[in-house]
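Counting starts at 1 for both ligands and their atoms, following the listed order.
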Amino acid sequence: MPVENDQIDISLTPVKFSHLYQTPMQHKAVGVPAIVSSLKQMLQYMHVKDAWKAAFALNQKGGFDCPGCAWPDPDDERSSLGEYCENGIKAIADEAQKKKITADFFAKHSVSAIGSWTDFEIGKQGRLTEPMLLKEGATNYTPVTWDEAFTIIANEIQSMQSPDEAVFYTSGRTSNEAAFLYQLFVRMSGTNNLPDCSNMCHESSGAGLSETIGVGKGTVSLEDIHNAELLIIMGQNPGTNHPRMLSALEKCKKHGGKIIAVNPLPEPGLMNFINPQNPLKIATGGTQLADLFLQVRINGDVALLKAIMLVLLNEEEKNPGTVFDKKFIGEHTSGYDEFIASLKTQSLKECIEESGVEENFIREAVTLIQQHKKIIVTWAMGLTQHKNAVDNIKEIVNLLLLRGSIGKPAAGVCPVRGHSNVQGDRTMGIWEKMPEAFMQKLKDVFQFEPPAKHGYDVVQSIKAMHDGKVRLFFAMGGNFLSATPDTAFTAGALRKTNLTVHVSTKLNRSHLVHGKQALILPCLGRTDIDLQSDNAQFVSCENSMGVVQMSRGVLQPPSKDLLSEVAIICQLAKKVLGNKFNIDWDELQNNYDAIRDLIEKIIPGFENYNQRVRNPGGFYLPNAVRERNFKTKTGKANFTVLPLNKIELNNDEYIMMTIRSHDQFNTTIYGMHDRYRGIHNERRVVMMHEEDMKVASLVKHEVVDLVSYYDSKERVAEKFIVVPMPIAKKCIATYFPEANVLVSVNEVAHTSNTPASKSVVVKIRKRVD
Ligand SMILES: Nc1nc2c(c(=O)[nH]1)N[C@H]1C(S)=C(S)[C@@H](COP(=O)(O)OP(=O)(O)OC[C@H]3O[C@@H](n4cnc5c(=O)[nH]c(N)nc54)[C@H](O)[C@@H]3O)O[C@H]1N2
Ligand SMILES: Nc1nc2c(c(=O)[nH]1)N[C@H]1C(S)=C(S)[C@@H](COP(=O)(O)OP(=O)(O)OC[C@H]3O[C@@H](n4cnc5c(=O)[nH]c(N)nc54)[C@H](O)[C@@H]3O)O[C@H]1N2
Ligand SMILES: [Mo]
């Protein structure tokens, strides 16, 4: 039954409980329980032989790039059991699971029946194995041939009045080769509508960094992290989301480095760490990681950074030239005087209050910052998903510029990327507003006029669909419905399209909330052997630190009917574009070297791509900031003047962040435990400070509803269980994607348009039943 727009229906967020129990929050990350947990996942879901093969090829030179996060691999020694990581192993067990979804499965289960299952249940059904079509008005998906599927899509595209009636989404697992061809095909078909998961992820980092230092990505290498004197880790939970980063932190500590963690939650992965690569450590107890923990309140980071810089300024004024790097500031920066003048107008007391951190801790942080010259700030979603997220990033740059801590070894900025190739996809041109120089290159090399008008990003795509302006929604990977904000609104939007198409490895909720017709196109994953005309192909990815490396799958694919992403794009392009452009799509499909030859012609830094990508460990892309070359409008690194944001909450309001549990990769739910935080067997929880619970007369494990009010609309997420947690006061936390229904599509970061899913103002409503 089609559901009316904007109305919550059960298939969007099934409410089922699974017997929550809590254990004490852990004070140590990784160690033996992590190894046990990941081996269990592998043996439960994979064939033993495959598990073994995959584990040894993971993140090895010549092996495959982990389909999990984008943390880099060491340039030199790599531990032999893959680059071992609990959550990397879980990502493999999920992709390479032995269970399969065939046409029988879809004949047996209707779309609405599957919709009533939880994401965990849906994810455990197995790998997709053949193309499927949901015909208009049908209740079940039925098999379709690849050729028929491409014809359906081509017909839809060809009957559009404007190419802008199609939207082409990308999730960040897509390889460089596939991403390059995809954007080329999309632009040749006439649109820049290329939203991607980055729009919801590090877009704010890109926006803040481009304006201030002239490059939209990080400036440090793994070696820099090892050698930093001071690391400030903000809004990031590496123990869960970038576990291999913990080994790098350990190396940094070994070299005498200090670590400050800034987070509303005392995440165990930031506190103490037992290295699974090192059996000796497991026996003896581990490394204390954070030297100082600043329990900031949600979105209190600008206030905290301002407070730190005010105290630093005071010290500088007492002893001129000893705190700020005046030589660096004079030679390489612009806007210093205005910045200092504005900083002086801020009240230290107010900044401290707004940050939620006690003054003595702030002073300790200042001492550490003053004592060290090689400082790196790392961050992730805790900073990028707020309305003033871009200001967070710029304020970090202000701090580093004051200390001259950028563009030299062991210093700089490190936005830790999410998806394993999200950074590479952007480099390849997956962006709704690629710069002029890139478009000109496309024009020169491929002899066509690329569309000039910027395309839709994620939020604009949702709104355009909602307004009936989009006929085709095509997704290269990902789970758009569940990853985006405002689930009910987005569902209404997707349902207004004619055709939704998903190139996917696994079944997910986006296949169930669809246009008039829907297609599922199953593809090879990172672990699968990719044979084209009997030749094994490899692809390449760029990690968080700008290293491009090859990735070659080692396992037999789950079905003969799967195509690689590259093959899907080539065959679709051939069908849609015919011979309109001088491109041999068959050749590109049969030999990925030919794709890399094209990439080399368009994208700077990829000279001799085919040769260099074959070097063990790959190659580094150039990064001008490392040479203190700032490609901004002023030609220098820019200080920026930013407002102090204030969060005003009524007595019955809280600020909510939507975060990841330890057993999930974005919308893929591996398991039901959040081991480090001690939350087991349940995802519909709301973490809350015990004192706040008392004030609100809530008891442990009481079931409540969460309510948000935006755009004069009440949004309700029913039935969440209250769990006490040592989180900052007046702050609460829920898991993504269950709580996405509360995030308004209109609450976005300025400049980057990223949904503010880490600062949602909500009320907690007691239930009457
Ligand atoms: N195993 C696993 N690995 C992953 C992923 C996964 O889901 N599972 N996802 C991948 C992706 S796409 C991404 S983008 C990354 C995400 O990696 P993270 O950003 O680490 O993921 P989140 O769970 O969103 O965690 C945000 C952290 O920021 C803190 N935080 C929230 N709000 C604030 C704030 O206002 N200020 C500060 N200072 N801190 C705040 C939270 O307490 C939490 O520790 O991980 C990648 N790696
Ligand atoms: N409330 C809230 N919302 C958020 C976030 C948050 O912190 N809070 N985080 C945001 C962030 S940082 C991100 S990156 C987005 C993530 O958004 P997405 O990238 O859209 O979501 P994923 O859950 O990573 O996508 C999982 C699906 O990708 C498919 N897949 C997996 N591997 C492959 C592959 O190799 N090829 C293809 N074609 N498909 C594959 C599988 O079918 C799987 O079901 O979510 C965002 N949404
Ligand atoms: Mo992400």
[X] to ligand 2, any heavy atom closer than 4.0 Å:
X	value
V743	no
K758	yes
C523	yes

So which of [options] gets nearest to [atom], if we judge by its closest heavy atom?
atom	options	value
atom 30 (N) of ligand 1	C731, A380, C201, G382	G382
atom 11 (C) of ligand 2	R660, M476, R127, H511	R660
atom 34 (C) of ligand 2	T505, T668, N508	T505
atom 23 (O) of ligand 2	D94, T667, N421, I669	T667
atom 45 (O) of ligand 2	P737, A483, S757	A483

Q) What is the nearest protein non-hydrogen atom to atom 28 (O) of ligand 2, stated with its residue, atom name and distance? A)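 The closest one turns out to be G478 N, 3.1 Å.
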Q: Flag N666 as yes when one of its N or O atoms lies below 3.5 Å from any N or O atom of ligand 2, and as no otherwise.
A: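 Such a contact does occur with ligand 2.
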Q: Would you mind telling me if ligand 1 is within reach of the side chain of D301, the backbone, both or neither, using heavy atoms under 4.0 Å?
A: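 Under 4.0 Å from ligand 1, D301 contributes side-chain atoms alone.
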Q: Return yes if some donor-acceptor pair links the side-chain N/O of R715 with the main-chain N/O of Y710 below 3.5 Å, else return no.
A: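 Yes, because the side chain of R715 sits within donor-acceptor range (under 3.5 Å) of the backbone of Y710.
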Q) Could a heavy atom of H386 be found less than 4.0 Å from some atom of ligand 1? A)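 The answer is yes: ligand 1 sits under 4.0 Å from a heavy atom of H386.
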Q. Can you list the residues that meet the ring pair (Phe, Tyr, Trp, His ring centres under 6.0 Å) rule with H514, with sequence neighbours excluded?
A.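 Ring pair (Phe, Tyr, Trp, His ring centres under 6.0 Å) list for H514, sorted by chain: empty.
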**Q.** Residues which pass side chain to side chain contact (heavy atoms under 4.5 Å, CB included) with A365, listed by chain and number, not counting sequence neighbours
**A.**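 So A365 forms a side chain to side chain contact (heavy atoms under 4.5 Å, CB included) with I260, L292, L294, I308.
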